[in-house]
Amino acid sequence: MKFIKNTFLLFIIFFFSSVVINLFVDDINVSMFLGLVLAIVIIFKPHKHLGKLGSGKKLFKSGIPDETIEHHRNLILDQFIAGDLAKHFSTDIFLKKGEKLVFDIPGIQICEEKTIKVKGSHSGYSVRIMKGLSYRFGDFESTAEKRVAALDTGHFIITTKRMIFSGGKKSLDIPLSKIVSAKPVNNGILIDRTAKQNVEYFLGLDNVQLDMTLVPEVQNGDTWKEQKVKFSLNGFDVRRIIQGVIQIAE
């Protein structure tokens with residue numbers, strides 16, 4: 001019914017707008033073309049759909065409520081914490097007695113904050129000694145800023161006891177008890193640990209993609225259809241996993 005209605009309105013708007021436009025341009029082909037464009041814009045509003053694409057929104061939604069997807073995502077994170085998903089990861093590390101693998105993510109870039117001196121300036125005053133030569137009294141003031149520098153790429157591994165990084169140039173083997181805090185950053189996580197002055201970044205966590213098959217519960221009034229939903233790990237997920245593993249170990 002809606003299709004028939006839109007088609008009828010499209011024809012009406014196209015006809016009248018073409019007639020009106022032709023009074024000004026006196027060209028029937030141009031008038032018909034402009035009339036058709038105007039009718040499409042009025043009826044279907046393509047500019048609104050383009051706006052949604054530009055803002056990152058989907059034109060076609062799954063129909064599954066966001067809270068339902070988030071609930072199942074949390075269930076998967078709980079499985080990570082319990083070690084139930086470790087079988088899906090291959091690893092070369094040797095586990096200690098009573099230690100279990102949580103995950104082993106390859107292709108992770110480890111970065112570190114570095115304090116870098118940048119160009120500065122002199123303070124004080126200068127005295128001319130001779131033509132073309134002067135002496136400046138005072139100190140040279142240089143400034144410093146922190147920058148994130150890439151160190152290596154390798155495997156980022158969490159077990160029930162340790163955080164491990166295994167790369168071509170750099171390796172870490174840190175007890176989870178040494179982790180002071182974990183802060184999610186863009187596509188990764190920032191780790192602050194005991195006896196380490198500079199914080200470390202682990203970037204590329206979206207290398208792990210998870211598929212969930214969501215089945216509607218009719219008894220709860222769900223009207224959406226069974227379908228697969230894919231999402232990637234992020235810094236918030238990994239922080240929750242690490243925190244959960246540490247709490248279980250305590």
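A quick note: this is a predicted structure, and the numbers were derived from the prediction, not measured.
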Worksheet entry | Salt bridge present between Asp78 and Arg240 (N-O < 4.0 angstrom) | yes

Discussion item. Quick check for you: to the nearest 0.5 Å, what is the distance between Ile110 atom CD1 and Ser166 atom OG?
Written reply: 11.0 Å

Worksheet entry | Lys161 to Lys97 - nearest heavy-atom pair and separation | NZ-O, 3.0 Å

Fill in: Closest contact, heavy atoms only, Gly235 versus Ile189
O-CD1, 3.8 Å

Discussion item. With heavy-atom distances below 4.5 Å as the criterion, would you say the side chains of Asp237 and Arg73 are in contact?
Written reply: yes

Worksheet item: Checking side-chain contact (heavy atoms from CB on, under 4.5 Å) for the pair Met212/Ile69: CA distance, chi angles, key distance, verdict?
Response: CA-CA 9 Å; Met212 299 184 299; Ile69 296 177; 4.3 Å; yes

Fill in: Neighbour count above 12 (heavy atom, 6.0 Å) for Asp211 CG
yes

Worksheet entry | Heavy-atom check, side chain of Lys196 versus side chain of Lys178, under 4.5 Å | no

Discussion item. I need the Gln209 CD to Lys230 NZ distance, nearest 0.5 Å.
Written reply: 5.0 Å

Worksheet item: Can you find a heavy atom in the side chain of Ile93 that is under 4.5 Å from one in the side chain of Asp173?
Response: no

Worksheet, complete the sentence: To the nearest 0.5 Å, atom CD of Gln243 lies from atom CD1 of Ile246 at 7.5 Å

Discussion item. Could you check whether any side-chain heavy atom of Ile174 comes within less than 4.5 Å of a side-chain heavy atom of Ile191, counting everything from C-beta outward?
Written reply: no

Worksheet, complete the sentence: Taking every heavy atom of Val238 against every heavy atom of Leu205, the minimum-distance pair comes out as CG2-CD1, 3.5 Å

Worksheet entry | Heavy-atom pair with the smallest gap, counting every atom of Asp152 and Lys170 | OD2-N, 2.8 Å

Discussion item. Closer than 3.5 angstrom, by distance alone: can the side chain of Asn207 be matched with the main-chain N or O of Pro106 as a donor-acceptor pair?
Written reply: yes

Worksheet item: In Å, rounded to the nearest 0.5 Å, how long is the span from CD of Glu112 to CG of Leu151?
Response: 5.5 Å

Worksheet item: Are the side chains of Glu200 and Leu172 in touch, meaning some heavy atoms are under 4.5 Å apart?
Response: yes

Fill in: His72/Thr68 under side-chain contact (heavy atoms from CB on, under 4.5 Å): CA gap, chis, key distance, verdict
CA-CA 6 Å; His72 285 81; Thr68 300; 3.8 Å; yes

Worksheet item: Which heavy atom in Arg239 sits nearest to a heavy atom in Ala182, and how many Å separate them?
Response: CD-O, 2.9 Å

Worksheet item: Minimum heavy-atom separation for Leu176 to Met163, with atom names?
Response: CD2-N, 3.7 Å

Worksheet item: Hey, what do you get for CG (Asp104) to NE2 (His88), rounding to the nearest 0.5 Å?
Response: 14.5 Å

Worksheet item: Taking C-beta and beyond as the side chain, do Ile248 and Thr160 meet within less than 4.5 Å on heavy atoms?
Response: no

Worksheet item: Hey, mind stepping through Ile158 and Ile81 against side-chain contact (heavy atoms from CB on, under 4.5 Å) and telling me if it holds?
Response: CA-CA 10 Å; Ile158 296 294; Ile81 295 171; over 6 Å; no

Worksheet item: Does the side chain of Pro216 reach to within under 4.5 Å of the side chain of Lys225, using non-hydrogen atoms?
Response: no

Item to complete: State plainly whether one hydrophobic cluster holds both Leu95 and Ile241, where clusters connect Ile, Leu, Val, Met, Phe, Trp and Tyr through side-chain heavy atoms under 4.5 angstrom apart.
Response: yes

Item to complete: Evaluate the side-chain proximity of Leu203 to Cys111: yes if any heavy-atom separation is below 4.5 Å, no if none is.
Response: yes

Practice prompt. Could you walk me through whether Asn234 and Asp206 pass side-chain contact (heavy atoms from CB on, under 4.5 Å), step by step?
Written response: CA-CA 6 Å; Asn234 56 44; Asp206 58 352; over 6 Å; no

Discussion item. By the definition ring pair (Phe, Tyr, Trp, His ring centres under 6.0 Å), identify the one residue from Phe165, Phe89, Tyr201, Phe202 that meets it with Phe156.
Written reply: Phe202

Worksheet item: Can you tell me how far the CD atom of Glu217 sits from the CH2 atom of Trp224, to the nearest 0.5 Å?
Response: 7.5 Å

